[in-house]
Amino acid sequence: MQTFPLTLILGQQPLWLRRFRVAAVSMADREERRFAEVSRDSVKLMAESVGVELGDDVAALLAEDVCYRLREATQSSSQFTRHAKRRKLTVEDFNRALRWSNVEAVCGFGAQDALPFRPVKEGELFFIEDRDINLVELALATNIPKGCAETLVRVNVSYLDGKGNLEPQGTVPTAVQSLSDDLLKYYQQITRAILGEDPHLMKVALLDLQSNSKIAALLPYFVYVISGVKSVSHDLEQLNRLLHMVKSLVQNPNLYLGSYVRSLVSSVMYCILEPLAASINPLNDHWTLRDYAALLLSHIFWTHGDLVSGLYHQILLSLQKVLSDPVRPLCTHYGAVVGLHALGWKAVERVLFPHLPAYWANLQAVLDDYSVSNAQVKADGHKVYGAILVAVERLLKMKALSLAQPAEGGSSSQPGSAVGYRVSSPGLSPPPEPLSEAALGIASHLQAGGAGCPWEEWTPVPLPAMYCELYSFFGDSLAVRFSTGPGFGSYPPCPPSQLADTRKEPCGPTSNPDTARKMPQLTANLNVSPRQDGSPRTDPPPPSLAATGSGRSLARSSSSSSSSVQRSKSSSSRPGQRVAGPSRDVFPKARFTSPQTGLPVFTFLIGGRQMGRRCQGRRPFQTTFAPTPPIPAVPPRAYAHKLPVIGRVGKPVRRWACSHYSLHLPL
Amino acid sequence: MAAVQGGPVDAVEEKDIKSEPSNDGCGNNSTNDGRPPSTSPGSSASAGSNTSAAGPPEDQQTLLAVLQFLKKNKLTESVNILRREAGLPEDSLDLKVGGDSGAGSGGAPGDGKTEGGDASSLLSRVTTASSAVAPALTKVVAEDQPDVNVVLSAYSQQGDPKLYPVYYSGLKRFIESVLDCHRAELSQVFYPLFVHMYLELVYNNLESEAKAFFDKFSGDQECYYADDLRVLSSLSKREHMRGNETLLDFRTSKFVLRISRDSYQLLKRHLQERQNNQIWNIIQEHLYIDIFDGMPRSKSQIDTMSGSLAGEGKREANKAKVYYGLLKEPEIELPLDDEDEEAENEEGKPKKKKPKKDNMGSKSKKQDPNSPAQTRIPLPELKDSDKLDKIMYMKEATKRIRLGPDNLPSICFYSFLNAYQGLTAVDFTDDSSLIAGGYADSTVRVWSVTPKKLRRVKSAADLNLIDKESDDVLERIMDEKTSSESKILYGHGGPVYGISFSPDRNYLLSSSEDGTVRLWSLQTFTCLVGYKGHNYPVWDTHFSPHGYYFVSGGHDRVARLWATDHYQPLRIFSGHLADVTCTRFHPNSNYLATGSSDRTIRLWDVLNGNCVRIFTGHKGPIHALAFSPNGKFLASGATDSRVLLWDIGHGLMIGELKGHTDSIYSLRFSRDGEILASGSMDNTVRLWNATKAFDDLETDDFTAATGHVHLQDNSQELLLGTYLSKSTPVIHLHFTRRNLLLAAGAYNP
């Protein structure tokens, strides 16, 4: 009864006192620091950010009080840690302490991974990197994270009668086991065999690495060995072997790579992108290595990409960086292009295509320089040219196909089919994790790479425009492949209803005769190409390379025999393309019909929605685009006469039978 | 935290809480129609009269203090209002203070109080009156009821605080110069003195002086005060003092020191010679010096007992008689043949009923003098199912393995795998058939450890269809469809910090950060009751070994006694100066022990809500408690990674078990009490020879009135084994009825 007014009266007191004290306490400079302190500048800055101007003395007082309150909250949060019987203080503990002292909790820091704390280059400003999360992507994600096992209770008799230890004391569950002697021996034997001289031994070792189920504990060690690529960049052979090791590890179904994927990818990327010491000598066939590494990259990515979040964009970012850096040697550009190619046509469309105009100028300069001193560089330039051509051609083809799909399927659509063939041929679809367009938001940091169009504002260029632009670069050498399509049915895609009238007119009919005309030219060119000498024939893929092929087939679920990886071969096989036409016909069908039938219902839904949006967006554009026929005529096919040879050449014809597949494979 | 957010205001409220429990207890005695403790009218009545006598004067004292403050600040309006509402005559104010406070502080020297005087002197007298420590008055139990005026004006008018460093070093010099035997004892003064001087400096806005003072002398303090010093050092402004619990504790409670008479005289003489009133004032105002006759204690003796937030327990606090003996087991006839249980049990039932009545009559044949009366606390009657369980228990007990140093128990480890949501508490049923885990994601999960799956009772509609006369009705009521190995109980709104099974396995209690304790039915796997009252995180809860009652303790610094069928607490046990971190019932259900982060353990009498034991000696928050099966001893484990053993009857520390390297979260005695198992965050289970620890003690003559323990460091001899888990902190231990040790924890790689 009496306490009520009493509390009320008392309640006024602290407020009154507080005001008095704030006014009375003089600002004191503190020299020593017993604790981490929030500086007065920070307080000022924060005040400014909400539009309040603070005097020095007020800021100092506030800073001091903030420090104290922080310490107090930290101290009281420790009891939550204690009672949760943990050793580590979590954000959640701190928030609980805040909540119980009637302070608003700090949201957004509960993530398991630590948020990176970064400085801004100019000025002493630090910030926590906080990426946007695309909710659509999260909501529609179909890859359910692995490893959310149910909480269990398991019992084991640890000590019988207090002495008989059934297991050595202090052992930890198998996942974190330390190495047993046997494992150690295995590790030594395997590494010795793989890096050793005997090719047969190496083959056996790689095969075992591919299937052994008991080597989980060794994984970090192998990953470490593989990360040694950087120290052997002069030795193609060793690099090759290490890549094969990666391949084997990736293929081993018993291994859970987890975050080691990142490390493996970085090793592989090294082989793709770095100006390896080995590439100084033009006789070294580092091109093959890069091709192989790119293939491997795509394989890792399609099979294990979901283990590491944001991997796709990190890869794209680094590829883009390399591509946009004119200082880097051409071989690294080549790597970037094949890398993009390996990641699928969407990556090419996203990164390479927008970047092409800028890059073209550089490449052109190289190719136009006929001086002797430039011969080597020029040869490299041809390599890049070829790689770009292959990538771009598939881009066109796939894009046409994906456009055709909605028209044919009615309810299906481009992204829909993309989702669809993730199942059967992942190499062609966007990565599972950044679901097609949904990826836009994530990649904000990709802009840092500079080139190309800004990531967010990226809008898919309509096929006709794209084709025309590309045609302006490549001229007929591009059309060669594109327009053969309709004839053989591999490019029936642009359905008469939508596209044919607008796009085909300009390029289709006109280019077809071109094809016929250029083709021999191409072969001829091929024969005289300096590349022919430059590229050694070392590429008989070592036995394990066959494994590579099968690995890809694993990804593509078709053609188990497609052994050759090198696009180089594919270029040389171009003349045979027409012959291969019918078989090529099989491919698209296999690709696009099966997913359609077997497509999960929800992907149709997603696809349908996006399709609707997309198509409506395109159609008006295409109608306006209709009067473009002159375009193909606009730029002279400046480079048609110096068609480069793609990759290495000189493969015996008998190989074409298998190698021509590689034209249509992701790589 | 928030409990003391508002500074002085809350302090007043808190006092209200603190004076509440005893009143509350009395109130419940009369209202709770018999079930809860009301059977001992004599003692409860006396307890009631004590508190009611102490209550009003206490209030008036507070009122006066407030009035005084208002007056001083010229808030005449408020003064008038308050006076009117409280019904205090204006003129008789001063006289009343003297008289009432004399009576109120329970026998504090009342001399020289009635003389008038100005307000401030009167105020300070109220403080000193209750704390005036005269050597002859060691018996005075000054309740640690904090005075309002201490809160309001404690540090304001005490001479020149700037001279504190001089005074302090003067005292330091003096103490360093005295004889060795006195030095250790007198050194105890340093820490409280240091703290109060520092606080006073801060309070007077002498920030830089305070900092210099701290830097100069903090190094001298005992290492086990490091945590408090850290809190102290972070505080440098007067405003900061307001919301800080630790400081409030210092200012509102007296730091208790035990000093021999000789040492005390020495100190007193020195201070008087030097005319050092400053220090003397602080000692008088903020310290309680418990003086004993006899040999001064040694440094190690002092160190074993000190370390708590407010000094040692007063000896008087541990003088009350504690009936630590066990209750007599109801005599149930054991079926002779335990070969085919089913048949026997069916026959056994009718047999039991008859002898039962006889037992009641013949119960008084041999009563252990240390046991409480059978009906001291009303306990629920045994149901048939309880009797069956008792029979099972006895059968199991006959197969129990006799443990000893040469016969150590086997250990089974229950690992909680994939407990990403954070395992915070574990409990086993007494018969080890169920295990439950409390999680930081607010869920409680129950597993069946036996092959018998967990089943829910059918819905009401389905139950109606059942033939209630059939023999297997108990089987029929279960819904086979719900059978599963584990069940998840949803309901809490915050991490679950404590769980406890009822002895009959029908209920499960869980206490949570959301401030509630929930009672769950293990028949329907639903929540039956949410007990609200703590309002702050509830750190622990424990069912009485006889069921029906349970205790909970939390961040609000009180432990509460509840009965499952009352939504309000029956008792509130207040006295701890910081969070109550763990709670345990005594095996005879008449007492309960609470451990706190003020680093003390208190034993409370369930009957009257009194604190009957205060154990000090731990140097960190206490997180584990265990009573020995015979009820005589208590073991406690804390974050200081030590286990301490206590004799409840004598109120003494009787052992210190060192060996763990991290916080101890679980303690358990074997069924016969020979072995003590302790589990810790250091991923080990350690077994200790409890028999030896207690037997060694019997030879000592610790019954001597001084109560000064001298512990030999024999941890290594007592340690029977150290057993590592698989990188898993041990957060619960349990001995099965056959003495198999079960340990539990969550494996988090």
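Protein chains get the first letters and strands the later ones, always in sequence-line order, with residue 1 at the start of each.
For the salt bridge (Lys or Arg N to Asp or Glu O under 4.0 Å) test, residues two or more places apart in sequence or in another chain that qualify with B:R686 are B:D682. For B:E209, the salt bridge (Lys or Arg N to Asp or Glu O under 4.0 Å) criterion is met by no residue, not counting sequence neighbours.
Here the side chains of A:F80 and B:P537 are in contact, with some heavy-atom distance below 4.5 Å. Between A:Q75 and B:S234, some side-chain heavy-atom pair lies under the 4.5 Å cut-off. Considering only heavy atoms from C-beta on, A:H83 stays 4.5 Å or farther from B:T424 through its side chain.
Comparing B:G422, B:A440, B:P495 by how many heavy-atom pairs each has under 4.5 Å with chain A, the most go to B:P495.
When heavy atoms are compared at a cutoff of 4.5 Å, B:L423 approaches chain A solely by way of its backbone atoms N, CA, C and O. Using a 4.5 Å cut-off between heavy atoms, B:S597 contacts chain A through its side chain alone, with no backbone atom that close. In this structure, the portions of A:R82 lying under 4.5 Å from any heavy atom of chain B include both its backbone and its side chain. Looking at B:S663, there are no atoms closer than 4.5 Å to chain A (heavy atoms on both sides), in backbone or side chain. For B:N739, no part lies near chain A; criterion is any non-hydrogen pair under 4.5 Å. Residue contact with chain A, scored on non-hydrogen atoms closer than 4.5 Å, is absent for B:S208. Using a 4.5 Å cut-off between heavy atoms, B:D662 contacts chain A through its side chain alone, with no backbone atom that close.
Distance check, rounded to the nearest 0.5 Å: NE2 of B:H732 to NZ of A:K85 gives 10.0 Å.
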